[in-house]
Amino acid sequence: METKYIFVTGGVVSSLGKGIISASLARLLLSRGFSVTIQKFDPYLNIDPGTLNPYEHGECYVTADGHEADLDLGHYERFTDIPTTKANSITTGRIYQAVINKERRGDYLGKTVQIIPHITDEIKRNITLLGETGDFDFVITEIGGTVGDIESTPFLEAVRQLRWELGRRAVSIHLTYVPYLKAAKELKTKPTQHSVKQLQSIGIQPDILILRTEKDIPEAMREKVARFCNVTPEAVIQSIDAPSIYHVPAIMHGQHLDDLVLSITHTVARKEPDHHAWNGFIRHLDNARGCVRIGIVGKYVELQDAYKSINEALLQAATYCDRKLEIVYIHAEKLNEDNAGELLSVLDGVVIAPGFGNRGIEGKLAAIKWCREHDMPTFGICLGMQCIVIEFARDVLGLSGANSTEMDMSTPYNVIDLMESQKNVADKGGTMRLGAYDCRLAGGSIARNAYGSEIIRERHRHRYEFNNSYKEQFEAAGLRCVGENPDTGLVEVVEIPSLRWFVGTQYHPEYQSTVLHPNPLFRSFIKAAIGHGAL
């Protein structure tokens, strides 16, 4: 069948959950036997979010092919169980860069290069590329920002053109906000009406409206929205606050979102929806008994999205262990050896978060020292793993001043050092060791037992590495290097076997944890934390 294209836009305010709606619709279409992919178009000029501060943009997600992407791609993968690539994440910067490169090569044969048609043609080319090369039944395209943003205008113009070109193969879904005015005790649909009118003014008539709301929207009010916005009443769907983002697919299916898309595109359903596996996860989530308390020690803990993939990987693992997850955020800059016991002793397990730079490092080292001395299940990820190595070098090996050359170029013991391949790198964007690499796990290790396999493949995002010159010294003192890249010998996983569960990974296992396949190492960590909490 010809590929169908679904466009998801937003209005009124940002952060309404276009990514969750897109991922939920993909999940519903997958349950009916269709092949689906999702892509995100972000209207900022950065080539990718790799150089953006988490305070600006939240977590930077990494795809299997080594592309630094928007955090919504994490939602796409967690919901669909399908890996994304560079083609699933496009920014204005990439579009303009591609057009300028073509102009410099003379591809436009002397023509004046303009927003229309050259920029919009490049956007359209990227939108349809997945459908032309990936053999997908549906391509869902989420347009970042809101209708009315200057930055989003070229993307919306490209969508308008494609709507005409694709005909019945295109669906427009518009997500808006219906606020509840507490003082008046009323829901207000006027912002939605204005948002749709703005979308119509640029030539896009939405087929489906999804109304984000905190209160149930009466049927009469939904009919009013349909009448004013030129959509059928059954195509006005409410997205009310849910206990978890993972309940959203069921909420959308209950209002026939997937049926509407099939009807609009004249697509014959291949089979009845199969939600068995997804509903199994929801049953675990809803019926979880008891609680597991996990502390995340990092420097961005005040930001909801800075550790998004870690949060979701912990939730997925806890859910399958039939536990409710309680995350306790601990700011690394506010933690020291004097208060570590007070802050950490109430937890069942501790995650030492990834990151860059010197800020908060001493707090992470204090947390690791307390956890190691008190046999607290501890999981260090990327920089967190490097901090485990630094703390062990200082406090067990007695290498005073041991550090990473990222933090201290003059350290006498560079137990963490810049990778050889990074020493001549000048540009910051897209130049780290990125993407999926193989790792060989040692027999009898926690990691090997968790994965059940000798060779695994996980995603990375780093410039610094364990210094193998110190490997024998570490292992003789009780810190084992149990995971290595088979081609380079780069240390990927360290453990302290004398402790209950003390593991550090250079890679980011959270990137490959999904609802249907939670990462094995996170499940192993949560089981250890539950066991510690039962003591």
Side-chain angles (χ1 to χ4, degrees), residues 1-9 37-52 63 65-70 73 84-172 198-205 265 425-431 434-435:
M1 100 178 190
E2 287 187 303
T3 302
K4 313 294 174 66
Y5 294 86
I6 303 168
F7 302 103
V8 180
T9 58
T37 190
I38 320 176
Q39 57 184 346
K40 174 75 180 288
F41 282 73
D42 270 306
Y44 49 78
L45 281 171
N46 303 67
I47 300 300
D48 57 52
T51 58
L52 289 176
T63 61
D65 63 345
H67 179 65
E68 293 171 297
D70 181 80
L73 267 70
T84 55
T85 68
K86 184 178 181 179
N88 295 86
S89 177
I90 309 291
T91 66
T92 295
R94 274 182 62 190
I95 296 294
Y96 275 76
Q97 184 182 60
V99 170
I100 290 170
N101 288 342
K102 289 179 181 179
E103 186 273 332
R104 292 290 83 189
R105 289 196 304 265
D107 291 6
Y108 299 117
L109 301 177
K111 293 180 179 177
T112 302
V113 179
Q114 299 176 294
I115 302 297
I116 302 172
H118 301 100
I119 294 298
T120 52
D121 280 354
E122 183 64 20
I123 294 170
K124 287 157 60 180
R125 187 187 71 81
N126 279 273
I127 288 174
T128 56
L129 183 65
L130 284 171
E132 293 167 355
T133 62
D135 194 28
F136 294 106
D137 297 320
F138 289 92
V139 174
I140 301 173
T141 301
E142 177 192 347
I143 305 298
T146 59
V147 174
D149 293 346
I150 293 174
E151 297 91 340
S152 299
T153 303
F155 292 105
L156 293 171
E157 169 59 22
V159 170
R160 184 195 68 78
Q161 293 178 26
L162 279 173
R163 289 267 290 153
W164 283 103
E165 294 169 18
L166 295 169
R168 290 178 176 176
R169 293 169 55 202
V171 180
S172 172
Q198 198 162 21
L199 193 62
Q200 291 168 335
S201 72
I202 58 177
I204 301 174
Q205 168 61 50
T265 58
V425 172
D427 292 342
K428 296 296 185 184
T431 57
L434 295 164

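The ring pair (Phe, Tyr, Trp, His ring centres under 6.0 Å) analysis of residues 129-152, with sequence neighbours excluded, yields the pairs Phe34-Phe138.
To the nearest 0.5 Å, atom CD of residue Glu2 and atom CG of residue Leu166 are 9.0 Å apart. Separating the NZ atom in Lys40 from the OG1 atom in Thr141 is a distance of 12.0 Å, to the nearest 0.5 Å. Put simply, OG1 on Thr84 and CG on Asp65 are 7.5 Å apart, with the number rounded to the nearest 0.5 Å. Distance check, rounded to the nearest 0.5 Å: CG of Asp70 to CD1 of Ile90 gives 12.0 Å. Atom-to-atom distance recorded for Lys111:NZ and Leu109:CG is 7.0 Å, nearest 0.5 angstrom. For the atom pair OG (Ser172) and CG (Leu156), the distance works out to 9.5 Å, reported to the nearest 0.5 Å.
What you find for Thr63 and Ala69 is that their closest heavy atoms are CG2-CB, 4.4 Å. The shortest non-hydrogen separation linking Arg94 to Lys86 is NH1-O, 3.1 Å. Contact between Lys102 and Tyr108 at its shortest, heavy atoms only, is CD-OH, 3.5 Å. Across all their heavy atoms, Phe155 and Pro43 have their closest contact at CE1-CA, 3.8 Å.
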* Could you check Ile127 against Tyr5 for side-chain contact (heavy atoms from CB on, under 4.5 Å), going step by step and ending with a plain yes or no? => CA-CA 9 Å; Ile127 288 174; Tyr5 294 86; 4.2 Å; yes
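Side-chain contact between Thr92 and Glu151: absent, with no pair of heavy atoms (C-beta onward) separated by less than 4.5 Å. Looking at heavy atoms from C-beta onward, Lys124 lies in side-chain contact with Asp121 at the 4.5 angstrom threshold. Residues Arg160 and Ile202 form no side-chain contact, since every pair of their non-hydrogen atoms from C-beta on lies 4.5 Å or further apart. At least one side-chain heavy atom of Asn126 sits under 4.5 Å from a side-chain heavy atom of Glu122. With contacts defined as side-chain heavy-atom distances shorter than 4.5 Å, the pair Thr85/His67 does not qualify. Within the 4.5 Å cutoff, side-chain heavy atoms of Phe41 are placed close to those of Ile123. With contacts defined as side-chain heavy-atom distances shorter than 4.5 Å, the pair Thr9/Val159 does not qualify.
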Do any side-chain atoms of residues 113-120 form donor-acceptor pairs under 3.5 angstrom with protein atoms, and if so which ones, sequence neighbours left out?
{"residue": "His118", "atom": "ND1", "partner": "Gln114", "partner atom": "N", "Å": "3.0"}
{"residue": "Thr120", "atom": "OG1", "partner": "Pro117", "partner atom": "O", "Å": "3.1"}

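For the side-chain hydrogen bond (donor to acceptor under 3.5 Å, both in side chains) test, no residue two or more places apart in sequence or in another chain qualifies with Thr3. Here Lys4 pairs with nothing under the salt bridge (charged side-chain N to carboxylate O under 4.0 Å, His left out) rule; sequence neighbours left out. In this view, Ser89 satisfies the side-chain hydrogen bond (donor to acceptor under 3.5 Å, both in side chains) rule with no residue, not counting sequence neighbours. Residues meeting the side-chain hydrogen bond (donor to acceptor under 3.5 Å, both in side chains) test with Asp137, sequence neighbours left out: Ser35, Arg270.
Within 6.0 Å of atom CZ in Arg168, 12 or fewer heavy atoms from other residues, nucleotides or ligands are found, so the atom counts as exposed in its surroundings. For Arg104, the CZ atom counts as loosely surrounded, since its 6.0 Å shell holds 12 or fewer non-hydrogen atoms of other residues, nucleotides or ligands.
Checking side-chain atoms of Thr91 against main-chain N and O of Asn46 turns up a donor-acceptor pair under 3.5 Å. In this structure a side-chain-to-backbone donor-acceptor pair under 3.5 Å is missing from Asn88 to Thr37. Asn101 places no side-chain N or O within donor-acceptor distance of the main-chain N or O of Ala98, the cut-off being under 3.5 Å.
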